[in-house]
Amino acid sequence: MAKQVTVENLSVLFGSDKAKEQALKMIDEGYSVGDIREETGVTVANMNVNFDIQPDELFVIVGLSGSGKSTFIRTLNLLNKPTRGDIKINGESLLGLSKEALRSYRRKDVSMVFQHFGLLSHRSVLENVEYPLEIQKVNKKERIEKSRAALEQVGLKDWENSMPSELSGGMRQRVGLARALVNDPELLLMDEPYSALDPLIRREMQNELLNLDDSSERTIVFITHDMNEAFRIGDRIALMRDAEVVQIGTPLDFFKNPANDYVKDFIADVDKSRILKARNIMRKPLNVVTLDMTAKQARTKMEDTQSEYAFVVNEDKEYLGFIVAQDLEKSEARSLKKFLKEDHHVLRRNTYLSDALKALQSSTYDVAVLDKKQHLRGVISNDEIIAALAE
Amino acid sequence: MISFPEQLVYRISRFIDLGVDWVLDNFRGFFRGFASFVNSLFNIFDTIFSSIPWWVYIILLVIAGWRLYNIKVGIGLGAMLYAIGMFGLWDDMIYTLIIIFIGVTASLLIGLPSGIAMAKFSRVERVLKPLLDGMQTMPSFVYLIPAVTLFGLGRVPAVIATSIYAIPPLIRLTYLGITSVDKEVIEAGRSFGSTSMQMLFKIELPQSLPTIMTGVNQTTMMAMAMVVIASMIGADGIGAQVLVSMRRLEIGQGFQAGLAIVFLAIILDRIFQGIAKRFERSVTMDG
Ligand SMILES: Nc1ncnc2c1ncn2[C@@H]1O[C@H](COP(=O)(O)OP(=O)(O)OP(=O)(O)O)[C@@H](O)[C@H]1O
Ligand SMILES: [Mg+2]
């Protein structure tokens, strides 16, 4: 299962132990980061940060240089120690981990992608990707198999014998991504992974990431200083400024209710129609039934959720179509097969809203939103799309 | 009242003599044992090095120069080695080579772990840094005095003085190599859950290999310089030929031996530099 991350009252400070203690007191008394630095010489990089990152979410942290983004993401695998506060992964505190438990957490559950790739220049592409498995003493055969699969995922399978120095920047970052994916982590940390790349490649890499994320159950924390990038890929976004989180929400939340003028300025240049996607405004579907339910069970479900229709999925959660309550009236059928209406109006999660609108002119019901494995991820109505674009 | 007043002269040599006598009396067994160990090591390598025919050395050298640079360099280096033989100094050269070989190997065995410890523990760094600075400012023949005191004359003190004299650059560059590995690469290693041993052997040492090889090269060059001076305490080899010729005022002989030393130094330098460059190319990202 993907990981849920809970950040509780996190502060990260840099300085001597004694000065940090004084600085913590000053934080509690409400002094600003600048005052604290002047008074104590301590850098407050994160100050009272609180939020949850949901399982399977693509969570983006955005902010100007020096706002504390890297410091934050590095506490999620304990490359930085929290000075105060706690981080919980699926409810378990990271601070409570023993040395061995921390090592195992880093080996199995979490991976990181770096801004300048952090590749081992003395190893070939394949050997780089093998590294996380190699240090866990996975045998050579399995290691190579998994590494090749990871390289294939990022489109580099013909490059396994090259040295990193022979690759372009975009390709190097793909190696970095493959290396981070090879142990199939449930939490993926990406610290400005595309900032060192030129804009065209960057766009391409963003799409690849969305594509990759589309069919996987993995929590991703992504850092950027580019608001367009943040809105393009983020399910939710946290905007940081001077060690604090200014606003957290979906891209739509930012457009609807910017918390203050700083946020307004920050999003001023963002082109909404090229940003908002179905995934940004879809709702969790409640009226979902499985194909093997009896007609009676399906009726109950629709009554409970107060809807006149329901979405039908199979046992693998693949979307099949929908049923309408009218058709089922009084039926004692043991399966829903004969009522199933196959629906051609479905949306991909990553469809831009402006494109979605064109495709859905006449749909009266909610429309199913699917990922590339045909799993039902959410629902959306035509009105919602129009409203979102009109904001 | 121009010269230093006689009443103020106070000689400390007597106390030093006493101290040295005490050390020798109490650790005689240890020094004897160590000397015979070095001696037998020397004999073993002598047997090995002398059993290889001269033309094998030359062919191997030509090939090495060819692979590391190009065929011209290979032939050039081969010709230098041939010249040393032609001067009638082949056996002396082998002797010198063995002292260098043992000295550099000993330096490696001590220098690598010291350099690593220096990079990892700030306490070791605080002790070693001034020590290395001191060692590098001392003239080379100063190293001969304790070596002779403890081990007498001959090749054993020569080997020992050589390894001690030659060690600082290796420690320094190992330290430098490890501390200057790219920070992000270190973080990547840590973020995947490497143990500190895995960090050292799979990331830090391979990444600093070019720097360490530069250290090996410098150490070899220092050993080369020392070995010539060590002829003053009775070590054979090309250095001894220079010394003998100078005493007898045989200018031609002395010049010839000097040239052989230069050739040997060039050969060793080229080879080690070539290897260092190789490693460098394998770890640098750009270019
Ligand atoms: N190890 C450290 N020691 C001292 N200060 C640090 C350390 N790491 C970060 N800082 C300071 O903490 C503050 C936040 O830095 P951080 O790297 O988290 O910012 P960032 O938002 O990632 O910026 P950028 O976009 O430039 O990467 C900065 O003032 C930085 O100088
Ligand atoms: Mg940063």
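Residue numbers start from 1 in every chain, and the chains themselves are labelled A, B, ... in the order their sequence lines are given, proteins ahead of strands.
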Measure the spacing between [atom1] of [X] and [atom2] of [Y] and express it to the nearest 0.5 Å.
X	Y	atom1	atom2	value
B:I203	A:L120	CD1	CG	5.0 Å
B:E187	A:D191	CD	CG	9.0 Å
A:R179	B:F192	CZ	CZ	4.5 Å
A:Q136	B:Q198	CD	CD	9.5 Å

TODO: Pick one of side chain, backbone, both or neither for A:Y105, based on which atoms fall under 4.5 Å of a heavy atom in chain B.
DONE: neither
Is the number of heavy atoms from other residues, nucleotides or ligands within 6.0 Å of [atom1] ([X]) greater than 12?
X	atom1	value
A:D17	CG	no
B:K277	NZ	no
B:F37	CZ	no
B:Y82	OH	no
A:E92	CD	no
B:F34	CZ	no

Heavy-atom pairs under 4.5 Å with chain B: which of [options] has the most?
options	value
A:L119, A:N183, A:L79	A:L79
A:M112, A:E134, A:R123	A:E134
A:Q115, A:E166, A:R107	A:R107

Task: Part of B:K202 within contact of chain A (heavy atom distance under 4.5 Å) - done: both
Open item on the list: Would B:T195 and A:R103 count as a side chain to side chain contact (heavy atoms under 4.5 Å, CB included) here? Give the steps.
Closed with: CA-CA 8 Å; B:T195 62; A:R103 190 174 300 143; 3.7 Å; yes
Task: Nearest heavy atoms of B:Q207 and A:S121, plus distance in Å - done: NE2-OG, 3.0 Å
Task: Residue pair A:G118 / B:A188: nearest heavy atoms and the distance that separates them - done: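 Where A:G118 meets B:A188 most closely, the heavy atoms are O-CB, 3.6 Å.
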Task: Evaluation steps, side chain to side chain contact (heavy atoms under 4.5 Å, CB included), between A:F114 and B:V185 - done: CA-CA 9 Å; A:F114 296 84; B:V185 171; over 6 Å; no
Open item on the list: One pair to check against side chain to side chain contact (heavy atoms under 4.5 Å, CB included): A:R106 and B:S191. What are the steps and the verdict?
Closed with: CA-CA 6 Å; A:R106 285 178 177 168; B:S191 78; 5.6 Å; no
